[in-house]
There are 2 protein chains.
Amino acid sequence: MATSPHSQADPAVAEPAAGATPAFSPLYQQIKELILQSLQSGEWKPGEAIPSEMDLAARFRVSQGTVRKAIDELAADNLVIRRQGKGTFVATHAEQHVRYRFLKLMPDSGDRDSEGPAQRAVLDCKRVRASAEVARALALRTGDPVIQVRRVLSFGGVPTILEDLWLPGNAFKGLTAEQAAGYQGPTYAMFELEFGVRMVRAEEKIRAVLPDPQQAAALKVSQQMPLLSVERIAYTYNDVPMELRRGLYRTDTHHYRNDLN
Amino acid sequence: MATSPHSQADPAVAEPAAGATPAFSPLYQQIKELILQSLQSGEWKPGEAIPSEMDLAARFRVSQGTVRKAIDELAADNLVIRRQGKGTFVATHAEQHVRYRFLKLMPDSGDRDSEGPAQRAVLDCKRVRASAEVARALALRTGDPVIQVRRVLSFGGVPTILEDLWLPGNAFKGLTAEQAAGYQGPTYAMFELEFGVRMVRAEEKIRAVLPDPQQAAALKVSQQMPLLSVERIAYTYNDVPMELRRGLYRTDTHHYRNDLN
DNA sequence: AAGTGGTCTAGACCACAAC
DNA sequence: TTGTGGTCTAGACCACTTG
């Protein structure tokens, strides 16, 4: 082991190339990387249990404590969920208590549960060519095939969110308006189930804007009503961008909530 | 030890009351709580080193690994910063790389460093009585003394943020406009230094709004320009609210950036 | 009872910083 | 050289879930 101390039984991890800068990293980081690769390759699917800590320790020939620390970090990254007595499970957007993890819009009074689920109306779902902007966000080339979805989310019958989604055409080949509208539960859960694409993190840029006539009409609001513009890029494993989303949020009855630590 | 296994040398932690529901919690959580109390009581000040893991282990009569896990959580909560080879330090808002931890407004191009520090202009700083709304946010009673500060932050000479701060009158007795304007560095660092108040977390509610005439004038923008309304409640230890802040952000040259995990 | 994650300990050694 | 945090191990036992 060039990259970690104690090689009592030769952990089954790769040696760094000799000569070059020897990418030092602790054993548990290497284990984390290996588990990550298995997650990514789909060896264990969202919602399924991964092998027990003891099993993984045996597989990688390290102590249980080292595997534990690796999994601790994966759990901190929300890639995996630990359940005492049951096992460790691949995280998924399809669960009750983690649903709409990325949606920070909250009703001004009460919580999201009291409000009930959003009604989805898909206005459009078509195959287009990536604009320069969309291509940059999705790490594609201008003109590459992209699927664009436009939809409105309503709460209690009130149109509240208008958003456009852009998805890489390759990974999401065959996505239809019916799929986008009909699936029960978070759209990201549908992406996992139907396309094997799991979003693990996202970045948002938020602005205050006025809607153009078309947008105002879709939300049934005046053109003078200021709206929250939320541009999101969602990433799957390995920081690969898989979705660009531009949303307009009404904030007269809702607000965007953020916790700072 | 009623709440943890292994009492080899009787860890110096309190026993839960007999009879009542025995507040089970692991040893390291109890240690974390004890360290937290010392932080809160000011036994170690922001920026100072806390005792080494070995010292704390000896003090609390537990193993170093247990102290380590307690400190790990404190570090994850940003209450403390670990520095290999040097020690563990009480976190502070006065450091380069953690400065403006709570300010999520970024210039559209470049990062915050390229933009340089904000210029502060304090428009007002006065003692007032808490309105019902302010009192609720700060866990005070309506009419309690509160200090209100109104200021404008400019970047490169352009007024970008207009904000009002409300602070509990008791804890911030004697705060002057000169202090608010003159201090170099984050306002939260000044709070630590001058008033011994350290903000550890915050919640924000964000909306899109149009400014009233006075607000538009202070920011030198049209009343038709949509602005980001950011309402923040900042908390010190123990979830005690110590600041209510209402900001209006220009988002034509900047954006509010948020990372979702 | 068996299996899983969760806690705790003790001891060894590494990496880094300061003297 | 010393002291600090960081890593790794091995073993014991606890808490929770399932059969």
Side-chain angles (χ1 to χ4, degrees), chain A residues 1-13 21-35 44 48-76 80-91, chain B residues 1-13 21-35 44 48-76 80-91:
Chain A
M1 280 304 297
T3 69
S4 72
H6 311 298
S7 8
Q8 171 173 296
D10 264 25
V13 288
T21 317
F24 285 105
S25 83
L27 238 196
Y28 76 87
Q29 286 285 5
Q30 302 177 42
I31 303 303
K32 179 184 175 184
E33 214 48 52
L34 290 171
I35 297 175
W44 316 301
E48 286 181 8
I50 71 174
S52 74
E53 295 179 355
M54 288 302 285
D55 285 356
L56 290 170
R59 171 189 314 191
F60 300 128
R61 318 257 211 101
V62 299
S63 78
Q64 190 238 18
T66 299
V67 170
R68 187 166 180 76
K69 178 139 188 177
I71 295 181
D72 277 345
E73 293 209 347
L74 293 171
V80 113
I81 296 180
R82 320 190 76 138
R83 292 191 214 281
Q84 180 169 139
K86 302 178 76 170
T88 300
F89 300 79
V90 183
Chain B
M1 281 304 296
T3 69
S4 71
H6 310 299
S7 7
Q8 170 172 296
D10 262 26
V13 289
T21 317
F24 286 106
S25 85
L27 237 196
Y28 76 88
Q29 286 285 3
Q30 302 178 42
I31 303 302
K32 181 184 175 186
E33 214 47 53
L34 290 171
I35 298 175
W44 317 300
E48 287 181 8
I50 72 173
S52 75
E53 295 179 353
M54 288 302 284
D55 286 355
L56 290 171
R59 174 191 307 195
F60 299 128
R61 319 260 209 96
V62 298
S63 78
Q64 190 241 17
T66 298
V67 169
R68 188 168 180 75
K69 179 137 187 180
I71 295 181
D72 276 345
E73 294 209 347
L74 293 171
V80 114
I81 297 181
R82 320 191 74 138
R83 291 191 213 282
Q84 179 169 136
K86 302 177 76 172
T88 301
F89 300 79
V90 182

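Letters A, B, ... mirror the listed sequences (proteins, then strands); counts begin at 1.
- A heavy-atom distance below 4.5 Å is not found between the side chains of A/Leu74 and A/Thr88.
- For the pair B/Phe89 CZ and D/dG3 C1', the interatomic distance rounds to 12 Å; values are reported in whole Å.
- The main-chain N or O of B/Val90 is never found under 3.5 Å from a side-chain atom of B/Glu48 such that the two would form a donor-acceptor pair.
- Nucleotide C/dC8 holds its P atom 14 Å from the CZ atom of B/Phe60, rounded to whole Å.
- With sequence neighbours left out, the side chain to side chain contact (heavy atoms under 4.5 Å, CB included) criterion links A/Ala75 to A/Val80, A/Arg82.
- Atom pair A/Gln64:CD and C/dT7:C1' shows a separation of 11 Å (rounding to whole Å applied).
- Look at CD1 on A/Ile81: it is 12 Å from P on C/dG6, rounded to the nearest Å.
- Counting to the nearest Å, the P atom of D/dT9 and the CZ atom of B/Arg68 are 15 Å from each other.
- Per the geometry, CD1 belonging to A/Ile31 stands 13 Å off C1' belonging to D/dT9, to the nearest Å.
- For A/Arg68, the salt bridge (charged side-chain N to carboxylate O under 4.0 Å, His left out) test picks out A/Glu53, with sequence neighbours left out.
- The side chain of A/Thr88 sits closest to C/dG5 out of C/dG5, C/dC8, C/dT7.
- Relative to the side chain of A/Thr66, the nucleotides C/dC8, D/dT9, C/dT7 differ in distance, and D/dT9 lies closest.
- Ranked by how close their nearest DNA chain D nucleotide is to the 5' end, B/Met54 and A/Ser63 are led by B/Met54.
- The side chain of A/Arg82 lies closest to C/dG6, out of D/dT9, C/dG6, C/dC8.
- As rounded to whole Å, 5 Å separates atom P of C/dC8 from atom CG of B/Leu27.
- For A/Ile71 and C/dT4, the CD1 to P distance is 12 Å, given to the nearest whole Å.
- At D/dC8, none of the side-chain N or O atoms of A/Lys69 fall inside 4.0 Å of OP1 or OP2 (strictly under the cut-off).
- Partners of A/Lys32 under the salt bridge (charged side-chain N to carboxylate O under 4.0 Å, His left out) rule, at least two apart in sequence or in another chain, are A/Glu73, A/Asp77.
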Can you check nucleotides 17-19 of chain C for protein contacts, nitrogen or oxygen pairs under 3.5 Å, and list what you find?
unit_1, atom_1, unit_2, atom_2, d
C/dA18, OP1, B/Lys86, NZ, 3.3

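- Taking A/Thr66 as the reference, A/Ser63 meet the side chain to side chain donor-acceptor pair (under 3.5 Å) condition, with sequence neighbours excluded.
- For B/Asp55, the salt bridge (charged side-chain N to carboxylate O under 4.0 Å, His left out) test picks out no residue, with sequence neighbours left out.
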